There are 2 protein chains.
Amino acid sequence: MAPHAATARDKLLDAAIHVVRSQGYAASSVDEICREAGVTKGAFFHHFPSKEALAIAAAGRFAAAADTLCAAAPYRALPDPAARVLGYVALRRDWLRGELAEITCFAGTVVQEAYATSPALRAACEAAICGHAATLDADIEAAMQARGLAGRFSPAGLSRHIQAVIQGAFILAKATGEVAMAEESLDHLRRYLELLFTTKKRDVPE
Amino acid sequence: MAPHAATARDKLLDAAIHVVRSQGYAASSVDEICREAGVTKGAFFHHFPSKEALAIAAAGRFAAAADTLCAAAPYRALPDPAARVLGYVALRRDWLRGELAEITCFAGTVVQEAYATSPALRAACEAAICGHAATLDADIEAAMQARGLAGRFSPAGLSRHIQAVIQGAFILAKATGEVAMAEESLDHLRRYLELLFTTKKRDVPE
DNA sequence: ATAAGCGTACCGACCGGTTGGTATGGTTGT
DNA sequence: ACAACCATACCAACCGGTCGGTACGCTTAT
């Protein structure tokens, strides 16, 4: 991710994100993450008390990187809140290029394995996903107001749904080996949002 | 799953589905699956040449069970194809009760870890997910014809999108620990389908 | 100037336990 | 008799984590 991650700690975080995204959490050994980072095991346990602690820190780093990229994206400057929401989805669709291990979600991958066995790691993944989702709350709420949809459903709920579709798209892409499957799903998501934000209120089902 | 799975093979498959759904594939040891099944390791390797082979067979069993349940569901008898599609989503929403390990998707969980390391297992998960998705293809195609939406997007693509939303809903539920988060997403999916199948063609975005 | 003192960063051999898988022998149904 | 079925004992490889030790830079006292 970072081209010249200076410290061993950063190199370990980046390596963990990459290795875990391609193999899952449990299958990624500490030794392999160290090898990928070009760092020894001693350095690993100097910076992190456990493998779990590394994953928690990596989830935070991953979410922060995503938040930063989105906050700096051009669509953020659009005047219409609905257009900003659609701009977000378009950006996520644009990101669907390259290897699966480079485009999928670290937190979504990890939480599938850890939700029942590691409460702290589960909470870190929840914070990463829901925290990132929440960056859309205000725009969605404004767009719903503008369309007379206020109260029809919760803005935060739609934010989370957007993340759910993205997560599901990744699973479909992994299952088929085709990134195009993920694009397809994001196109349906875009169509849903367009229908929501361009249809007259009486036509939107409860 | 089955109360009195007769053979050791069936008990192993059921145990694998349960254990893997709660811990993921890599973290589920053969010993633990055997313990859960009440069977020894000798029986395991008598019926399956490897852990991977068990997972492949379990994916098939899981998909077959889902297909069977859906084929027998009441909504299948509805006259309107669009109503059958919505009936499917309603059924999947009804299934969202109980422990996460009992309601989430085995194939979706496994493929996240195995897509890059085990081609055969990845293919089995693809067959499970996409095969199950395909049971909706005909109804979706008919509903699109009836609404003049033919050619707007692919019926199989919408079938896969439905599965993607369901998979993403599971991830959200695991991350938050709240099954209600999954319900929320399925409600949005239902609303999307209602908009698609009740809106005049000219109002549906490309 | 300099050396003692100390904290952070890092190394790599090592440990007990667990892993997927094997070898072998007994039991049961036909 | 014979094969399908299953239990016990076992193995080499690997796992996460520990530990004694080194390298080096920053204070601070002399």
Side-chain angles (χ1 to χ4, degrees), chain A residues 2 4-20 22-59 61 106 109-110 113-114 116-122 124, chain B residues 2 4-20 22-59 61 106 109-110 113-114 116-122 124:
Chain A
H4 287 298
T7 78
R9 188 187 145 92
D10 284 338
K11 286 196 283 187
L12 280 167
L13 288 173
D14 287 338
I17 289 173
H18 177 253
V19 173
V20 169
S22 67
Q23 304 187 354
Y25 173 65
S28 299
S29 73
V30 172
D31 282 299
E32 186 172 0
I33 293 172
C34 289
R35 204 180 316 129
E36 177 90 5
V39 157
T40 64
K41 220 167 174 179
F44 184 106
F45 286 101
H46 171 73
H47 289 288
F48 304 100
S50 66
K51 181 186 174 186
E52 181 191 22
L54 167 78
I56 291 171
R61 182 184 175 87
F106 175 85
T109 300
V110 168
E113 307 176 50
T117 49
S118 168
L121 188 46
R122 197 227 86 231
Chain B
H4 287 300
T7 78
R9 188 186 147 92
D10 284 338
K11 285 195 283 187
L12 280 166
L13 288 172
D14 288 338
I17 289 173
H18 177 254
V19 173
V20 169
S22 68
Q23 304 187 354
Y25 173 65
S28 299
S29 73
V30 171
D31 283 300
E32 186 171 1
I33 293 172
C34 289
R35 205 180 316 129
E36 176 90 5
V39 158
T40 63
K41 225 167 172 178
F44 184 106
F45 285 99
H46 171 74
H47 290 288
F48 304 100
S50 67
K51 182 187 174 184
E52 183 191 21
L54 167 78
I56 291 171
R61 181 183 176 88
F106 175 85
T109 300
V110 169
E113 307 176 50
T117 48
S118 168
L121 188 46
R122 197 228 84 230

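Values in this document were obtained by computation on a predicted structure and should not be read as measured data. Chain letters run A, B, ... following the sequence lines, proteins first and then strands; every chain starts at 1.
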Whole-Å distance between D:dA7 P and B:K11 NZ? 8 Å
Main-chain N/O of A:A16 paired to A:E36 side chain as donor or acceptor, under 3.5 Å: no
If only side-chain N and O atoms of B:H46 are considered, is one of them under 4.0 Å from the OP1 or OP2 phosphate oxygen of D:dC5? yes
Straight-line distance of B:F48 CZ to B:R9 CZ, nearest 0.5 Å: 4.0 Å
What integer distance in Å separates B:D10:CG from D:dC5:C1'? 14 Å
Measure from CD1 on B:I33 to P on C:dT19 and round the result to the nearest Å. 11 Å
What is the distance, to the nearest angstrom, from the NE2 atom on B:H47 to the C1' atom on D:dC5? 6 Å
Just by modelled atom types, is the B:Y25 backbone N or O under 3.5 Å from a matching donor or acceptor in the B:K51 side chain? yes
Could you check how far NZ of B:K41 sits from P of C:dA23, rounded to whole Å? 14 Å
Measure the distance from CZ on A:F44 to C1' on C:dC10 and round it to the nearest whole Å. 14 Å
Would B:E52 and B:S118 count as having a side-chain donor-acceptor pair, cut-off 3.5 Å? yes
Among C:dG20, D:dA7, C:dC11, which nucleotide has an atom closest to any side-chain atom of B:A43? D:dA7
Nearest heavy atom decides the nucleotide; on that basis, is A:G42 or A:E32 closer to the 5' end of DNA chain D? A:E32
Rounded to the nearest angstrom, tell me the gap between atom CD in A:E52 and atom P in D:dG16. 13 Å
Roughly how many Å is it from CZ in B:F45 to P in C:dT19, rounded to a whole number? 12 Å
Below 4.0 Å: OP1/OP2 of C:dT19 and any side-chain N or O of B:S29: yes
Value for CZ (A:R61) from CG (A:L54), rounded to nearest 0.5 Å, stands at 11.0 Å
Looking at D:dG17, does its base get a donor-acceptor pair with the side chain of A:K51 below 3.5 Å? no
B:S50, nearest nucleotide to its side chain (from D:dG17, C:dG21, C:dC11): C:dG21
